[in-house]
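Have a look at the structure below, then the notes.
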Protein chains: 2
Amino acid sequence: MLSRIIFYSIDKAIRTYRKLAQTNIDRAGIAITIDQWLVLRVIEEDQSLTQTEIAERVLKDQASVARMIALLLKHGLLASEPVAHDARRTRLQVTPQGQATLAAVEPVILRNRAQALQGISEEELATLRRLLERIYLNCST
Amino acid sequence: MLSRIIFYSIDKAIRTYRKLAQTNIDRAGIAITIDQWLVLRVIEEDQSLTQTEIAERVLKDQASVARMIALLLKHGLLASEPVAHDARRTRLQVTPQGQATLAAVEPVILRNRAQALQGISEEELATLRRLLERIYLNCST
DNA sequence: GCAACCTCTATGACATATCATATGTCTTTA
DNA sequence: TAAAGACATATGATATGTCATAGAGGTTGC
């Protein structure tokens, strides 16, 4: 039975959460994917990050991040300007439109999380986090 | 901090596990993706399933399953034949090559799981499963 | 200084995720 | 039984995941 496999449960939980999150963002009339939102949010926090560093923070590949950034630029949520001391890079900036999108998404995400974690205590959450971290460490070595 | 968000932990755990699994399959010289393997395995268990039913079992979209089946057919791991009473469908069969692939992957998967779950007790696993199931239910309603 | 090496970004190739829809085929209902 | 609805599969469009690599630009060591 697939349902007895823990990785199946993990996959099911995260997929269902992602679907809920994206549905609610769409329903709020916001034109962004959750993955793009995550990247945008990380850039907002620190605009000096390289794509590789962004990729590490959001657990994605540099190639994926490059394409998401290209889309965010195309959609006007990000702007880029050259960096003086390093011609390989560009400095990314969240545009006012990007800021507005972040602000609009924030409450939706908070509601999603609250819904997803209903009936789960802080202690259980800590346990969950600890076990998942253990799996992560077991897999990375 | 992203690391404080539980969905980040879930995502990190499952991604790292998937990467470990795929790396070990590749390293064993087996030409199949984990997703294709999962589909092939489900078909082996019940060859009368429709694509939609397979998709439900493996938590994927019918469109994704259709494309994976197309690849499995192309690679010779599956064969299809018409179904007498319903012209919409085809009956899928795991070929000998498919059987061999499943047999070769099995021990790799078992080793992966054992590695990923090192140091986690049966009781903790049950807790993990219960919490993830709760998140899933919270998100599906 | 410059050769070897490393970093940053972009992109090709292929697989998957998701939604929408097309097409053909049952099935049900008026 | 014909029309309407449901179902099975395929596919277009777009986004992401992953690996590999190209191409331009830094950095280091000699």
Side-chain angles (χ1 to χ4, degrees), chain A residues 11-12 14-27 31-40 43 48-56 58-75 77-78 80-92, chain B residues 11-12 14-27 30-40 43 47-56 58-75 77-78 80-92:
Chain A
D11 211 40
K12 188 164 73 167
I14 196 69
R15 272 173 201 270
T16 318
Y17 174 71
R18 285 176 65 88
K19 189 170 282 187
L20 172 73
Q22 190 65 59
T23 300
N24 285 339
I25 289 173
D26 294 348
R27 204 171 278 163
I32 195 170
T33 66
I34 327 178
D35 295 298
Q36 287 171 17
W37 165 76
L38 193 55
V39 167
L40 191 60
I43 293 172
S48 70
L49 295 173
T50 66
Q51 285 188 6
T52 307
E53 291 166 337
I54 297 170
E56 281 167 11
V58 301
L59 305 179
K60 292 175 192 300
D61 197 87
Q62 176 265 327
S64 302
V65 169
R67 279 157 181 140
M68 285 187 260
I69 287 175
L71 282 173
L72 289 168
L73 287 168
K74 182 178 158 194
H75 296 157
L77 305 184
L78 272 185
S80 71
E81 56 183 35
V83 170
H85 64 284
D86 192 338
R88 294 169 302 180
R89 310 182 40 185
T90 62
R91 180 175 180 82
L92 295 170
Chain B
D11 211 40
K12 188 165 72 167
I14 195 69
R15 274 173 200 270
T16 318
Y17 174 71
R18 286 175 65 88
K19 189 169 283 189
L20 171 72
Q22 190 65 59
T23 299
N24 285 339
I25 289 173
D26 295 347
R27 204 170 280 165
I30 307 167
I32 196 170
T33 66
I34 325 178
D35 296 297
Q36 288 172 15
W37 167 75
L38 193 55
V39 168
L40 191 60
I43 293 172
Q47 313 206 330
S48 70
L49 296 172
T50 66
Q51 284 188 8
T52 308
E53 290 165 337
I54 295 170
E56 282 167 8
V58 301
L59 305 178
K60 292 177 192 298
D61 196 87
Q62 176 265 325
S64 301
V65 169
R67 280 160 178 136
M68 284 188 260
I69 287 175
L71 282 174
L72 289 168
L73 287 168
K74 181 177 157 196
H75 296 156
L77 305 185
L78 272 184
S80 71
E81 56 182 34
V83 170
H85 64 284
D86 192 339
R88 293 171 301 182
R89 310 182 39 185
T90 62
R91 179 176 182 80
L92 295 170

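Within every chain, numbering begins at 1; the chains are lettered A, B, ... in the order of the sequence lines, protein sequences first and strands thereafter. These numbers come from a predicted model, not from an experiment.
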Problem - Interatomic distance, Leu73(B) atom CG to Met68(B) atom CE [nearest 0.5 angstrom] - result: 13.0 Å
Completion exercise
Rounded to the nearest 0.5 angstrom, the CD1-CD1 distance for Ile69(A) and Ile43(A) is 4.5 Å
What is the distance, to the nearest angstrom, from the [atom1] atom on [X] to the [atom2] atom on [N]?
X: Glu56(A); N: dT18(D); atom1: CD; atom2: P; answer: 14 Å
X: Leu38(A); N: dA15(D); atom1: CG; atom2: P; answer: 17 Å
X: Ile43(A); N: dT9(C); atom1: CD1; atom2: C1'; answer: 13 Å
X: Arg89(A); N: dT27(D); atom1: CZ; atom2: P; answer: 11 Å
X: Met68(B); N: dA10(D); atom1: CE; atom2: P; answer: 13 Å
X: Lys74(B); N: dC14(C); atom1: NZ; atom2: P; answer: 8 Å
X: Leu20(B); N: dT18(D); atom1: CG; atom2: P; answer: 13 Å
X: Leu73(B); N: dT9(D); atom1: CG; atom2: C1'; answer: 12 Å

Exercise for the section: Check whether any side-chain N or O of Gln47(B) sits under 3.5 Å from a backbone N or O of Arg91(B) as a donor-acceptor pair, and report yes or no. Expected result: no
Exercise for the section: Would you please confirm or rule out a distance under 4.0 Å between OP1 or OP2 of dT16(C) and any side-chain N or O of Gln36(B)? Expected result: yes
Fill in the blank from the handout: Considering only heavy side-chain atoms of Asp35(A), the closest of dT11(D), dG17(D), dA15(C) is dG17(D)
Practice task
Sugar-phosphate means primed atoms, P, OP1 and OP2; the rest is base. With that split, encode nucleotides 18-27 of chain C 5' to 3' as B, S or - using protein heavy atoms under 4.0 Å.
Solution key: BB----BBS-
Problem - Chi angles and distances behind the side-chain contact (heavy atoms from CB on, under 4.5 Å) call for Val39(B), Gln51(B) - result: CA-CA 10 Å; Val39(B) 168; Gln51(B) 284 188 8; over 6 Å; no
Handout entry: Sugar-phosphate, base or nothing in reach of Leu71(B), heavy atoms under 4.0 Å
Key = sugar-phosphate
Handout entry: Salt bridge Arg67(A)-Asp61(A), side-chain N to carboxylate O under 4.0 Å
Key = no
Exercise for the section: Please tell me if the side chains of Thr90(B) and Pro82(B) come closer than 4.5 Å, counting only heavy atoms from C-beta onward. Expected result: no
Exercise for the section: Compare all side-chain heavy atoms of Lys60(B) with those of Arg15(A) and state whether any distance is below 4.5 angstrom. Expected result: yes
